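One structure is given here, and the rest of the page talks about it.
This is a predicted model, so every value here is computed, not measured.
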Amino acid sequence: MNYDHAFHAGNFADVFKHAILARVIDYLKRKPAPFRIIDTHAGSGAYELSADAATRTGEWRGGIGALDPEAMPAEARALLAPYLAVADTARAGGRYPGSPALALALARPLDRLLFCELHPAALARLRAAVGRDRRAKVIDIDGYTGLNAFIPPVERRGLVLVDPPFEVPDELERLTAALLAAHAKWREGIYMIWYPIKDRRGGERLAAALAAAGVADALRLELSVAPPAPDGPLVASGLVIVNPPYVLEAEAACLLPALARQLGGGDGAVVVQRI
Ligand code: SAM
């Protein structure tokens, strides 16, 4: 396990993923009943953009650092507001909230959060970022094992974020198998899966596996900031959301083009598609 998200924190893919994560949490908060968030590959929790790793790649400058909410259409700016309420200071190179810090900031006192992480250094930083917050548990466990063990949650409502590093060649197959098993066990849960786009096949294979397994209600979102270059840096990523909030498709159709314009200029592009 060599992957360290500190090099990529706040990049275009994080902005896309976390802006949508904040929309889903915002939706869950519409009902007073508590929910649970399970983050299977949680990372370090939060990232200092002035630290060596983030400074070396400078990826955040093309992500959170390139966002200018004032220049966005009002409707897109409003949809981005929950995310920016937590991430705004990172626009100038401050502390960037990873999925755990974002979820903790947006969740309510009755909601519960469960974070799985395996890398010892990331785990130690995650424990420090969560601190004594009694709503959250940090568990040193393989994310897919944790997913199987911890669903369905007692709240019976909530979100699973699956955001692995894609370091191993069969990650997508493992992820798909774990997702289908989880969905068979907890059909009502919202599942949000992130994937990198190096070629078109990853997202299409995942979508085809879900359709073949009879997962009827899913949304595929993609955002790219430049034309694909096979051996170049990552310029596109996707999210599949199973059981998406009914408002999410329309929200993404408004928000993602505005994000793509700011992060990719004329080369930015999006996909918003039901599976
Ligand atoms: N979800 C985080 C966020 O949005 O801020 C980023 C997570 S990062 C892309 C992936 C993380 O998964 C890394 O911190 C890595 O150490 C961890 N990881 C790798 N293999 C794992 C496994 N089998 N189970 C749990 N975590 C794992």
Side-chain angles (χ1 to χ4, degrees), residues 5-30 37 43 45-51 54-55 57-108 129 159 161 163 192 194 197 219 221-226 233-239 241 244-272:
H5 196 66
F7 291 95
H8 312 292
N11 70 2
F12 79 93
D14 259 10
V15 171
F16 162 52
K17 169 179 63 186
H18 295 146
I20 295 295
L21 175 62
R23 291 309 319 153
V24 175
I25 298 175
D26 192 71
Y27 175 80
L28 285 167
K29 284 159 66 175
R30 289 185 183 186
I37 293 176
Y47 304 86
E48 296 299 339
L49 297 179
S50 58
T55 310
T57 62
E59 285 188 22
W60 69 270
R61 293 186 184 281
I64 186 74
L67 272 189
D68 180 5
E70 295 308 314
M72 276 185 180
E75 205 184 334
R77 187 165 64 237
L79 292 170
L80 198 59
Y83 165 66
L84 276 184
V86 186
D88 197 47
T89 53
R91 286 173 56 216
R95 188 174 168 85
Y96 184 79
S99 49
L102 183 65
L104 280 166
L106 295 176
R108 305 161 302 183
L159 162 73
L161 172 64
D163 182 20
M192 184 166 146
W194 182 90
I197 302 177
L219 187 62
L221 307 178
E222 294 182 351
L223 183 142
S224 55
V225 293
L234 187 72
V235 293
S237 67
L239 290 168
I241 299 112
Y246 76 95
V247 289
L248 192 62
E249 184 176 358
E251 290 183 354
C254 170
L255 176 58
L256 295 187
L259 283 184
R261 264 194 302 280
Q262 291 210 337
L263 305 184
D267 289 328
V270 305
V271 171
V272 177

Open item on the list: List the residues meeting side chain to side chain donor-acceptor pair (under 3.5 Å) with D14, not counting sequence neighbours, and say none if there are none.
Closed with: H5, K17
Task: Sequence neighbours excluded - side chain to side chain donor-acceptor pair (under 3.5 Å) pairs with any residue from residues 59-73 - done: H8-E59, N11-E59
- [ ] Measure the CG-CG distance between L102 and L104 for me, rounded to the nearest 0.5 Å.
- [x] 9.0 Å
Task: Within-4.5 Å side-chain heavy-atom neighbours: I197 and L234 - done: no
Task: Closest heavy-atom pair and its distance - P73, A258 - done: CD-CB, 4.3 Å
- [ ] Would you please test E75 and L255 for side-chain contact (heavy atoms from CB on, under 4.5 Å) and show each step?
- [x] CA-CA 8 Å; E75 205 184 334; L255 176 58; over 6 Å; no
Open item on the list: Nearest 0.5 Å, please: how far is CD1 in I25 from CD1 in I20?
Closed with: 12.0 Å
TODO: Decide yes or no for L259 and M72: does some side-chain heavy atom of the first lie under 4.5 Å from some side-chain heavy atom of the second?
DONE: yes
Task: Nearest non-hydrogen partners of L106 and K29, listed with the distance - done: O-NZ, 2.8 Å
- [ ] Nearest 0.5 Å please: distance from the CZ atom of F12 over to the OG atom of S224.
- [x] 8.0 Å
TODO: Please tell me if the side chains of L21 and W194 come closer than 4.5 Å, counting only heavy atoms from C-beta onward.
DONE: no
Open item on the list: Please give me the minimum heavy-atom distance between E48 and A54, naming the atom from each residue.
Closed with: O-CB, 4.0 Å
Task: Non-hydrogen atoms of A87 and Y96 that approach each other most closely - done: CB-CE1, 4.5 Å
Open item on the list: Using every non-hydrogen atom in the two residues, find where L49 and A9 come nearest and quote the distance to one decimal.
Closed with: CD2-O, 3.7 Å
Open item on the list: Under the rule for salt bridge (Lys or Arg N to Asp or Glu O under 4.0 Å), what residues qualify as partners of R77, not counting sequence neighbours?
Closed with: none
Open item on the list: Less than 4.5 Å apart, side chain to side chain, heavy atoms only: is that true for L223 and V225?
Closed with: yes
Task: Residues in salt bridge (Lys or Arg N to Asp or Glu O under 4.0 Å) contact with R91, at least two apart in sequence or another chain - done: D88
Open item on the list: Nearest 0.5 angstrom please: H18 NE2 to L80 CG, how far?
Closed with: 13.0 Å
Open item on the list: I'd like to know if the side chain of T57 reaches the main chain of F7, judged simply by a donor and an acceptor atom lying under 3.5 Å from each other, with no hydrogens or angles considered.
Closed with: yes
TODO: Using the side chain to side chain donor-acceptor pair (under 3.5 Å) rule, collect all pairs that involve residues 252-266, keeping only residues at least two apart or in two chains.
DONE: none
Open item on the list: Please give me the minimum heavy-atom distance between G238 and E222, naming the atom from each residue.
Closed with: CA-CG, 3.9 Å
Open item on the list: Checking E249 now: which residues fulfil salt bridge (Lys or Arg N to Asp or Glu O under 4.0 Å) with it, not counting sequence neighbours?
Closed with: R274
Task: 4.5 Å side-chain heavy-atom contact, F16 and L221 - done: yes
